[in-house]
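Have a look at the structure below, then the notes.
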Amino acid sequence: MDVDPVNTEMELDNKPTCETVPGLPQKKHYRQRAHSNPHSDHDIEYPLTPDHMDWSKQYGDYAAGRQVEFADIGCGYGGLLMRLSPMFPETLMIGMEIRVKVSDYVNEKIQALRKHHEGAGHYRNIAVLRSNAMKYMPNYFRKGQLSKMFFLFPDPHFKNKKHKWRIITPTLVSEYAYVLREQGLIYTITDVKDLHDWMVKHLNEHPLFERLSDDEMKADPVVAMLYESTEEGQKVTRNDGEKWPAVFRRLPNPPL
């Protein structure tokens, strides 16, 4: 289960609280299949271009003068967003989730947290979209808009014929390079060694990405959030499984 931010959230004094937040949705009412076919046709509304995207629907007036900078792709039940929110209170973050019930759960939870913390204004910087990032990423984000992208425990699609469904492929990596600004970061983690090797291979082979060293990863406080913020990560921990993280930096475009 995701660790609820009601027990781990950071207040203005950066001390954790153990309060009870009323109105939080119950996850048991929003359960859905663990994975969804990203190549199926879904009833998804998406903007024609980033200029057509009205982010005030997700963030209200908090979107004024800001643009989305963090994107959690396949955000699941939103655990990472809710942990990152108090770390970067001025940064707009979006979770993209293809499953209807799961995205509904995340939205309901964010709304409940916003209402409970209305006076302090917490959690106004996070939101969720039900969408298919493999198809519509450039419809939402401008060139170089994002500074961080997250791929936490993505579907491994074990069968060889389904590797094309993986969220990291040569074509998709080029799209991520387009929406990610120079020096921006891609964070990955999985409990499947083959998938880890696959993601590292394709990101390493792309000319616009380089892998962070172990020391660079240790110096980044966000990396520590990758392991336990998601339901899947916590499940791997309970089962004493291994986790393989990797972080890649967006390099400058080569001179023409």
Side-chain angles (χ1 to χ4, degrees), residues 38 50 67-76 78-81 83-84 87-88 91-98 126 128-129 131-157 163-230 232-233 243-254:
Q67 64 177 4
V68 174
E69 294 186 41
F70 293 5
D72 184 5
I73 310 303
C75 68
L80 178 67
L81 292 171
R83 291 196 182 188
L84 289 176
M87 289 181 65
F88 303 91
T91 301
L92 296 188
M93 313 176 193
I94 193 71
M96 303 185 78
E97 174 57 52
I98 198 171
I126 58 174
V128 64
L129 280 173
S131 191
N132 185 343
M134 293 180 68
K135 287 187 174 183
Y136 308 124
M137 180 77 67
N139 295 78
Y140 292 99
F141 308 116
R142 298 180 178 87
K143 181 178 181 180
Q145 177 174 335
L146 301 178
S147 61
K148 294 184 187 297
M149 299 181 70
F150 300 90
F151 301 88
L152 276 54
F153 300 97
D155 191 334
H157 293 296
H163 283 180
K164 63 183 178 181
W165 293 6
R166 288 178 169 177
I167 196 65
I168 300 292
T169 64
T171 299
L172 290 173
V173 170
S174 292
E175 288 194 7
Y176 305 151
Y178 177 82
V179 299
L180 198 65
R181 68 188 59 165
E182 293 182 5
Q183 303 302 313
L185 298 173
I186 282 182
Y187 296 81
T188 72
I189 190 169
T190 179
D191 60 319
V192 178
K193 185 60 164 59
D194 172 70
L195 179 59
H196 169 72
D197 292 340
W198 168 283
M199 293 191 291
V200 168
K201 174 181 183 293
H202 287 298
L203 283 161
N204 267 334
E205 289 178 349
H206 197 283
L208 292 180
F209 287 100
E210 67 175 4
R211 188 175 181 179
L212 265 61
S213 67
D214 290 343
D215 288 341
E216 287 176 311
M217 288 179 62
K218 290 177 182 177
D220 184 345
V222 172
V223 173
M225 298 285 182
L226 308 182
Y227 293 85
E228 298 289 333
S229 61
T230 66
E232 185 63 31
K243 303 171 188 177
W244 288 275
V247 183
F248 287 81
R249 179 187 296 112
R250 168 64 156 88
L251 296 173
N253 292 325

Exercise for the section: Take L203 and T188 through the test side chain to side chain contact (heavy atoms under 4.5 Å, CB included) and record every step on the way to the result. Expected result: CA-CA 10 Å; L203 283 161; T188 72; 4.3 Å; yes

Problem - Pairwise distance NE2(H157) to CG(D194) - rounded to 0.5 angstrom - result: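 Atom-to-atom, H157:NE2 and D194:CG are 13.0 Å apart.
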
Practice task
May I ask you to check whether H206 and S174 show a side-chain donor-acceptor distance below 3.5 Å?
Solution key: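 Yes - a donor-acceptor pair under 3.5 Å links their side chains.
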
Exercise for the section: Using the side chain to side chain contact (heavy atoms under 4.5 Å, CB included) rule, pick out the option among L84, D72, V128 that qualifies with M93. Expected result: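 Passing option: L84.
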
Checking the side chain of [X] only, and the main-chain atoms of [Y] only, is there a donor and an acceptor separated by less than 3.5 Å?
X: R166; Y: P156; answer: yes
X: K243; Y: G233; answer: yes
X: R249; Y: Q183; answer: no

Problem - Y176-F248 aromatic ring centre distance below 6.0 Å - result: no

Practice task
Quick one: closest heavy-atom pair of L81 and I126, and the distance?
Solution key: O-CG2, 3.6 Å

Practice task
Name the orientation class of the two ring planes belonging to Y187 and F150 (parallel below 30°, tilted from 30 to 60°, perpendicular beyond 60°).
Solution key: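 If you compare the ring of Y187 with that of F150, the planes turn out parallel.
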
Exercise for the section: Look at R181 together with E69 and state whether they make a salt bridge at an N to O cut-off of under 4.0 Å. Expected result: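 Between E69 and R181 there is a salt bridge, with a charged N closer than 4.0 Å to a carboxylate O.
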
Handout entry: K193/D197 ion pair, N-O < 4.0 Å
Key = yes

